[in-house]
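Below you'll find the structure, written out as structure tokens, and then a few comments.
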Amino acid sequence: MTSDVRQTPVGTGSRDVLGISMAEARSLVADLAARRQWIYWVDLTVCVAISYTAFFLCPVERLASPMAIGCMVLAALAFYRAVLFVHEIVHAPEELRWFSVAWHVVCGIPLLVPQFTYEFHQDHHGSRTYGTAEDGEYVPYAVEPRWRVIALPFTALLGPLVFVLRFLVLAPLSWLVPGIRSYVLTRASALMIDADFVRKLPAGRTPRSWLVQEVACFAYLAVMLALAVGGAYSPNRLLEAYLIVAAVLFVNWVRVLAAHRYESRNERMTFPEQILDSIDHPSMPIVGELWAPLGLRFHAVHHLFPKLPYHQLGKARRRLAGAIPSDGGFWQTEDRSLTASLRRLLAQPRTDSSRPAGGVL
């Protein structure tokens, strides 16, 4: 660890580091665990209605016009919020089973981000995997060359092409050539930021749900390609879709950079250290919900209580505020703004590193 405040002695408990014991913290939020599914359905419905309306109202023959730009920005923000429901789904797949089906139809498949590409996310919360090479959502950016931090959001420009290549070309090719199937599933089937990450496959046969989602994405792209070739789908509309998806990815990668301090050097961290390595952005809630929606601006709270539904994270943090003293270590997770987090990440002293830049898939 690079920060003294996060170098906790072995055996140090949560109370000493965070200002509250885990037993006390859990008791504070015990009544917040229930997912109010109506909130999920209403939220997703509103996001989808706004995103598709803005998408189809966009004057595609004048994509540089103020109205077109406004429509694309609105569509991107709404699609972004809708896409991030995948985070909730992988944390509660059984509770959100039917919600997941609807989400795939209106968002997951059309935007080529099916659930199976994010199921590895559970390792990001693992006590043995967080911050290590087995965590595909973690790169020690705090000690790596600054250009890698700056470059990550701009990989969004290639992101839509990578997604299309994955599901329109690599998917059917891996079905026909079994020899490359394992490579496609382990190296090209995860929404990770670590280009070195090799995804572990489930024991036994590949889950049928993975194949169903993969086939659905391929079929969707095949239909879109046929419509485009046949002239039924405007090339400008395709360009609009490309720009919107790239914008979604760009904002997401910026959010990812502000979600953690990224100070682990691929070493295991204690649970309190994982919390202190995560960041909350409680100020400016309206702006915060645009770049870190669905409770993701309370990222430290989420890592403290991974099973809590997104609509309860704000309330959980307010309860922690009433229980943890002002000098409690947990409050070191708070940053006043997105830019403050990014500035700190870029200001950290660097060391030489030979790691490649992060990837999109």
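The basis for the numbers below is simple: all heavy atoms, side chains too, and nothing from hydrogens, waters or symmetry mates.
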Between [X] and [Y], does at least one N-O distance fall below 4.0 Å, as a salt bridge requires?
X: Glu273; Y: Arg261; value: no
X: Lys200; Y: Asp123; value: no
X: Arg128; Y: Glu134; value: no

Testing the basics here: between [X] and [Y], what is the closest heavy-atom pair and its distance to 0.1 Å?
X: Ile69; Y: Ala64; answer: CD1-O, 3.6 Å
X: Leu63; Y: Cys58; answer: CD2-SG, 3.8 Å
X: Phe197; Y: Ala190; answer: CE2-CB, 4.2 Å
X: Ser278; Y: Ala300; answer: CB-CA, 3.7 Å
X: Phe79; Y: Ser51; answer: CE2-OG, 3.4 Å
X: Ala33; Y: Pro309; answer: O-CD, 3.6 Å

Quick one: [atom1] on [X] to [atom2] on [Y], what's the gap to the nearest 0.5 Å?
X: Gln312; Y: Asp31; atom1: CD; atom2: CG; answer: 8.0 Å
X: Arg297; Y: Leu338; atom1: CZ; atom2: CG; answer: 12.5 Å
X: Ser234; Y: Leu239; atom1: OG; atom2: CG; answer: 9.0 Å
X: Tyr118; Y: Leu191; atom1: OH; atom2: CG; answer: 8.0 Å

For [X], side-chain contact (heavy atoms from CB on, under 4.5 Å) partners two or more places apart:
X: Val212; result: Arg208
X: Arg336; result: Ala340, Arg343
X: Val164; result: Leu112, Leu168, Leu221

Worked verdict on Asp277 versus Tyr130 for side chain to side chain contact (heavy atoms under 4.5 Å, CB included): CA-CA 10 Å; Asp277 191 58; Tyr130 177 91; 2.6 Å; yes
Just say parallel, tilted or perpendicular for the rings of [X] and [Y], cut-offs at 30° and 60°.
X: Tyr310; Y: Phe85; answer: perpendicular
X: Trp291; Y: His281; answer: perpendicular
X: Phe167; Y: Phe116; answer: perpendicular
X: Tyr40; Y: Phe99; answer: perpendicular

With side chains defined as the heavy atoms from C-beta onward, is the minimum distance between [X] and [Y] less than 4.5 Å?
X: Phe298; Y: Thr333; result: no
X: Arg344; Y: Asp335; result: yes
X: Phe330; Y: Val301; result: yes
X: Leu257; Y: Ser341; result: no
X: Leu74; Y: Ile50; result: yes

Keeping the roles fixed (side chain from [X], backbone from [Y]), state whether a donor-acceptor pair exists under 3.5 Å.
X: Tyr242; Y: Leu157; value: yes
X: His302; Y: Leu313; value: no
X: Arg237; Y: Phe55; value: yes
X: Asp194; Y: Glu137; value: no
X: Gln115; Y: Ile89; value: no
X: Arg146; Y: Gln348; value: yes
X: Trp331; Y: Ala321; value: no
X: Glu24; Y: Ser21; value: yes
X: Arg187; Y: Val198; value: no
X: His311; Y: Arg36; value: yes

Decide yes or no on side chain to side chain contact (heavy atoms under 4.5 Å, CB included) for Val29 and Leu320, but give the supporting numbers first. CA-CA 9 Å; Val29 302; Leu320 289 172; 5.8 Å; no
Not counting sequence neighbours, which residues clear side chain to side chain donor-acceptor pair (under 3.5 Å) with His124? List them please. Asp135, His260, His303
With sequence neighbours left out, the residues meeting side chain to side chain donor-acceptor pair (under 3.5 Å) with Gln274 are none
Would you say His91 and His121 are linked by a side-chain donor-acceptor pair, where the criterion is simply a distance under 3.5 Å?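 Looking only at side-chain atoms, His91 and His121 do form a donor-acceptor pair, the distance falling under 3.5 Å.
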Between [X] and [Y], is there shared hydrophobic-cluster membership here, with clusters defined by ILVMFWY side-chain heavy atoms closer than 4.5 Å?
X: Phe56; Y: Tyr220; value: yes
X: Leu243; Y: Met67; value: no
X: Val245; Y: Leu57; value: no
X: Ile279; Y: Met284; value: no
X: Tyr183; Y: Phe120; value: no

Taking only residues at least two apart or on different chains, which pairs with a member in residues 72-90 satisfy salt bridge (charged side-chain N to carboxylate O under 4.0 Å, His left out)?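 Output for this query lists Arg35-Glu88, Asp43-Arg81, Arg81-Glu289.
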Leu304/Leu18 under side chain to side chain contact (heavy atoms under 4.5 Å, CB included): CA gap, chis, key distance, verdict: CA-CA 10 Å; Leu304 187 62; Leu18 302 177; 4.3 Å; yes
Would you check, one step at a time, whether the test side chain to side chain contact (heavy atoms under 4.5 Å, CB included) holds for Trp175 with Val215? CA-CA 10 Å; Trp175 302 335; Val215 169; 3.8 Å; yes
From Glu119, Arg166, Arg199, residue fulfilling side-chain hydrogen bond (donor to acceptor under 3.5 Å, both in side chains) relative to Ser189: Arg166
